[in-house]
Protein chains: 2
Amino acid sequence: MPTYSISDVSKRYHLPQTTLRYYEDLGLLYDVPRRGNHRVYNDAHLARLSAICCFKNTGMTLSELQTLFSYDEHSADLDKIIDLLDRHCREVDEKLRILEQNHRQIKRKRQFYEDIRTARETHQPLPKWADYKITDF
Amino acid sequence: MPTYSISDVSKRYHLPQTTLRYYEDLGLLYDVPRRGNHRVYNDAHLARLSAICCFKNTGMTLSELQTLFSYDEHSADLDKIIDLLDRHCREVDEKLRILEQNHRQIKRKRQFYEDIRTARETHQPLPKWADYKITDF
DNA sequence: ATACCACTTCAAGTTAACTTGAAGTAAAGA
DNA sequence: TCTTTACTTCAAGTTAACTTGAAGTGGTAT
């Protein structure tokens with residue numbers, strides 16, 4: 001069974017070592033054994049860290065993560081887990097929808113300013129922002 | 001030309017009035033006239049606020065927004081504007097990619113726990129997480 | 001006119017998520 | 001063995017983005 005030092009994990013997940021220790025302080029990562037006083041991680045820790053990053057990336061706070069991880073999937077808590085995942089899933093749906101919309105808007109802005117530059121270089125009439133806004137609705 | 005009170009704007013954009021004043025302190029919203037000492041907003045302010053929300057939503061910090069808004073689109077700053085928008089656009093691309101991936105992962109997790117519940121209710125063998133992870137890569 | 005209530009300013013406080021500093025320990029290489 | 005370097009703990013500090021509190025002002029309904 002492969003093991004990893006804190007600097008291995010830090011590099012692999014692009015997280016500072018202090019953050020890994022911080023997550024352990026919060027109880028998000030636990031049962032990390034030590035060789036001497038150095039942390040030794042295994043694949044189970046990495047899997048859990050992946051989950052932490054996934055939930056955090058999608059807007060869950062660390063304290064919500066503490067709540068989620070406090071539920072025992074082998075008990076009646078299962079319903080709470082499913083509920084929370086369901087709610088979070090719908091939140092991420094909405095986030096995606098809005099992010100895509102914002103993305104299109106930013107692309108339009110970029111296009112608008114590029115067209116201004118081109119028009120200036122070629123001494124053409126400047127574009128109007130009103131002509132760019134239409135496409136979304 | 002329609003005008004709006006701070007409470008109108010606050011409701012329409014789901015932002016507390018304090019946040020609108022805060023953005024004005026930062027110089028992100030400016031030239032907001034007063035009737036007596038009450039702020040009076042117009043459509044140009046709303047358009048600017050939309051832009052602020054769009055950029056903020058997509059991960060730009062308020063200080064980056066200050067920088068962007070400090071550029072004068074009628075001067076040679078145009079290149080800087082296009083550069084910044086271009087860079088931001090690519091960042092949002094990447095954000096979207098990761099968010100979609102995370103979204104799929106969360107859906108799988110939800111499905112996994114739902115299948116556990118079903119398996120328990122029907123006294124079937126429990127699913128294994130390994131069978132859910134495959135689909136992404 | 002008057003009373004109310006939404007607005008105003010400005011300084012200080014809050015929160016989440018780290019990050020840094022100081023002081024100590026121990027694994028790994030010469 | 002010795003030294004270097006990467007780790008350790010724990011408390012305190014930082015940052016962004018607001019938010020709150022206190023004290024005052026003025027538009028609007030009666």
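Below, all heavy atoms of this structure are taken into account, side chains as well, without hydrogens, waters or symmetry copies. In what follows, chains carry the letters A, B, and so on, assigned in the order in which the sequence lines appear, proteins first and then strands, with residues in each chain numbered from 1. A quick note: this is a predicted structure, and the numbers were derived from the prediction, not measured.
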May I ask you to say whether B:D93 pairs ionically with B:R97, meaning some side-chain N is under 4.0 Å from a carboxylate O? no
Do [X] and [Y] come within less than 4.5 Å of each other through their side chains, counting heavy atoms only?
X: B:I82; Y: A:I116; result: no
X: B:D43; Y: B:Y4; result: yes
X: A:H38; Y: A:I6; result: no
X: B:D131; Y: B:F112; result: no
X: A:D79; Y: B:R117; result: yes

Could you check whether B:R104 and B:Q101, counting side-chain N and O atoms only, form a donor-acceptor pair closer than 3.5 Å? no
Taking only side-chain N and O atoms of B:R34, does any of them lie within less than 4.0 angstrom of OP1 or OP2 on C:dT9? yes
Would you say A:S5 places a side-chain N or O within less than 4.0 Å of OP1 or OP2 belonging to D:dA6? no
List the atom pairs, with distances to 0.1 Å, where a side-chain N or O of residues 24-33 of chain B and a protein N or O form a donor-acceptor pair under 3.5 Å, not counting sequence neighbours.
{"residue": "B:E24", "atom": "OE1", "partner": "B:R39", "partner atom": "NE", "Å": "2.6"}
{"residue": "B:E24", "atom": "OE2", "partner": "B:R34", "partner atom": "NH2", "Å": "2.5"}
{"residue": "B:Y30", "atom": "OH", "partner": "B:R48", "partner atom": "NH2", "Å": "3.4"}

Contacting residues from residues 9-33 of chain B, given that a heavy atom lies under 4.0 angstrom of DNA chain C: B:Q17, B:R21
Strand-adjacent residues in residues 38-68 of chain B, judged by heavy atoms under 4.0 Å from DNA chain C: B:H38, B:R39
B:N37 CG to D:dG27 C1', straight-line distance once rounded to whole Å: 9 Å
